[in-house]
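Beneath this line is the structure, given in structure tokens, with notes to follow.
Labels below follow one simple rule: chain letters A, B, ... track the order of the sequence lines, proteins then strands, and each chain is numbered from 1.
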Amino acid sequence: MLRLALNMLFGDTAKLAMLLCGLAFSALLMAQQTSVFFGIMSWTYTPVVNIRAHVWVSDPMVEQANDAKPMRDTELGRVRSVDGVAWAAPLHTSFLQARMVDGNFKLITMVGIDADTFAGAPAQLSQGQIDDLRLPNTVIVDEWGAQLMGRQVKGPDGKITTVPLKPGDVFEINDIEARIVGICKVRRAFTGGPFVYTTYDRAKSYTLGARRTLSFMLVEPVAGVTSTQLCERIENETGLKAWTTDTVIWDWTDRSLARATFWWFWKNTGIPFSFGTAVALGLFVGIAISGQTFYSFVLENLKYFAAIKAMGASMRVLSAMLFVQATTAGLIGFGLGAGMAQAIGRVMIEKGMPPFVMFPQILIATLVLTMGISFVSAIIGIVKVSRVDAATVFRG
Amino acid sequence: MTHTIAVAARQVDISFGSEEAKVIALNHTDFSAHTGELIMLVGPSGCGKTTLLSVIAGTLTPQSGEIEVFGQRLDGLSQEELTTFRRKNLGFVFQSFNLIPTLSVVENVMIPLLIQGASHAVAKKKATEILEKVGLKGREEGKPNALSGGQQQRVAIARALVHEPPLLICDEPTSALDKDTGAQIMEMIRELSRAPNRCVVVVTHDFRIFKYADRIAEMEDGKIKRVVDDPRTLDPTYL
Ligand SMILES: Nc1ncnc2c1ncn2[C@@H]1O[C@H](COP(=O)(O)OP(=O)(O)OP(=O)(O)O)[C@@H](O)[C@H]1O
Ligand SMILES: [Mg+2]
């Protein structure tokens, strides 16, 4: 009978297509919305990802990675003297206005890294060399920034195109020249515009002699000391705050700067709420659509289930039939929806906008929800079929 | 020929609706049918034919009275017991065929066997055999909607008889069909259901098929008014 149940499901291609569209659309909506949500949230701790180091040290009042409470340069020495520190390098981060050749201003995230060690330098340069940062008045701009700050040119056909910045191009930060020597590939951030890397000392001059410029210290433990152990030692001995830099959302530790940043945005901004609402809406619409389509499938077949019931099929058999139909439709619908979400996600990742992080957990949750919807629909169907009077089969 | 009682309904009452707008469908109705016979239930619309049929089929439980089918009392059985009873003893032919459009012809016919627990292969073999008997060889894998009304009703007959039930119940089996097709269907029902232990109950409005009946029970206002052997002795208003 279960085989017939499946044939009943697959027998009507038009209805099946409707049902699968509903399920797939809702699975897509759930997976897609959640992935974009996590994508946006993962942008909040982009500095931790882009500026690579095992341990970050900050002023004790700092709450998250985009929050700089500059310290005195002398703190560096104190940290270096903590047992277990292999090296410690200064890091400056600030949000500044960059003035383009055409006079327009753009917000940038200035990152000043230690010129000796280049600790925290971008992992990958698509043009130029990191060593050239040692030349006077030089910066490295990320690819997004190169595009964003590029020059608009009007072609002969009147179309406006953007010529991205390239090594050799020049702009100004606080009236000081910034000559590009490299273009790097880094992740985009939620705040502060594109990343512009320079040396720590030069960052001081770009910020026009701010009293303190040491936003963070990047620290490497010696072999045999874990990041967590080192964090504890630094905090005990210096009174500063030390963070680990694990960014894997599912098992980040209590000391993770990424985690603190994630939750800081969660608590202090409206983003999680507005996006959370979109996710909830996606879930809700998804549940409604797939529940509704499966329910109408059951309704359309109710007459036939009644006939089968009249012929003597027990509720156990009828329930099994409905479950098989619901779970099969649910699985296929999930497959299609998740596939579409993946495909759309791939395009998004390529474009870098909007951010998209589809954790396997999102897919599992979507699967569980889709199957849950199918189960509930099946149960509603079963109740419906159990209520249907077998006698109705005699009525036209 | 000795006939035993196949179906006996005694003093059956059925009413629908609330106290103020009560419709009495069966009113102390007595009815009986024997094995080996084809009995027709006739009467004006609304007189209770379908209701009586549903009671005999165990799909409707009477408010009072006794129903006995092949010696088994149906009144007082639970829904589950009634389901088991129907599975073993009943074949249905409906006015509107009630074939499942998304299943193939042979799959439709397999259903009674499958719900009795037969394997897919056995059910398919038996269903194919009976489809050949009703003249539908070669149409097994098609969908019911691709067939004419008469052919669809033949599929329904095959489905009703594939598990060889002792009681065959037909509600207006010919009313959706033209005259000749209706006659063919009745020929088939008569031929295939002729078995000493089988009882066939046919509800109909269609006087042209009265001649296929062994006996005709005439209903009026929820009661059996009379039972005749010869259709020509019926009230001429039916003819
Ligand atoms: N489920 C129901 N709810 C309310 N009234 C019903 C129901 N089923 C039948 N009736 C009423 O019971 C009476 C008998 O109905 P039934 O269907 O048995 O008549 P019938 O003889 O089969 O008529 P027809 O020849 O039109 O099929 C009618 O008055 C009908 O309106
Ligand atoms: Mg009727």
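- The backbone N or O of A:G330 lies less than 3.5 Å from no partner atom in the side chain of A:T370, so there is not a single donor-acceptor pair.
- When heavy atoms are compared at a cutoff of 4.5 Å, B:L99 approaches chain A solely by way of its backbone atoms N, CA, C and O.
- Among A:L9, A:T13, A:I308, the residue with the largest count of heavy-atom pairs under 4.5 Å with chain B is A:I308.
- Side chain of A:S256 to backbone of A:D246: a donor-acceptor contact under 3.5 angstrom is found.
- Of the residues listed (A:W252, A:F190, A:W266), the one engaging A:Y45 in a ring-ring contact (aromatic ring centres under 6.0 Å, His included) is A:W252, and it is the only one.
- Heavy atoms of B:E107 lying under 4.5 Å from chain A belong to its backbone as well as its side chain.
- Of the two parts of B:K88, neither the backbone nor the side chain holds a non-hydrogen atom closer than 4.5 Å to a non-hydrogen atom of chain A.
- Under the side chain to side chain donor-acceptor pair (under 3.5 Å) rule, B:E172 has a single partner from B:H205, B:Q95, B:K49, which is B:H205.
- Comparing B:V55, B:N89, B:L103, B:L60 by heavy-atom pairs within less than 4.5 Å of chain A, the highest count is held by B:L103.
- Most heavy-atom pairs under 4.5 Å with chain B: of the set A:A310, A:G11, A:S314, A:A307, this distinction falls to A:A310.
- Tested against B:M219 for a side chain to side chain contact (heavy atoms under 4.5 Å, CB included), the candidates B:I224, B:V42, B:V203 yield a single pass: B:I224.
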Criterion side chain to side chain contact (heavy atoms under 4.5 Å, CB included) on B:L136 and B:Q151, from CA distance to verdict: CA-CA 8 Å; B:L136 289 171; B:Q151 287 172 323; 4.0 Å; yes
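- Residue contact with chain A, scored on non-hydrogen atoms closer than 4.5 Å, involves the backbone and the side chain of B:I100 alike.
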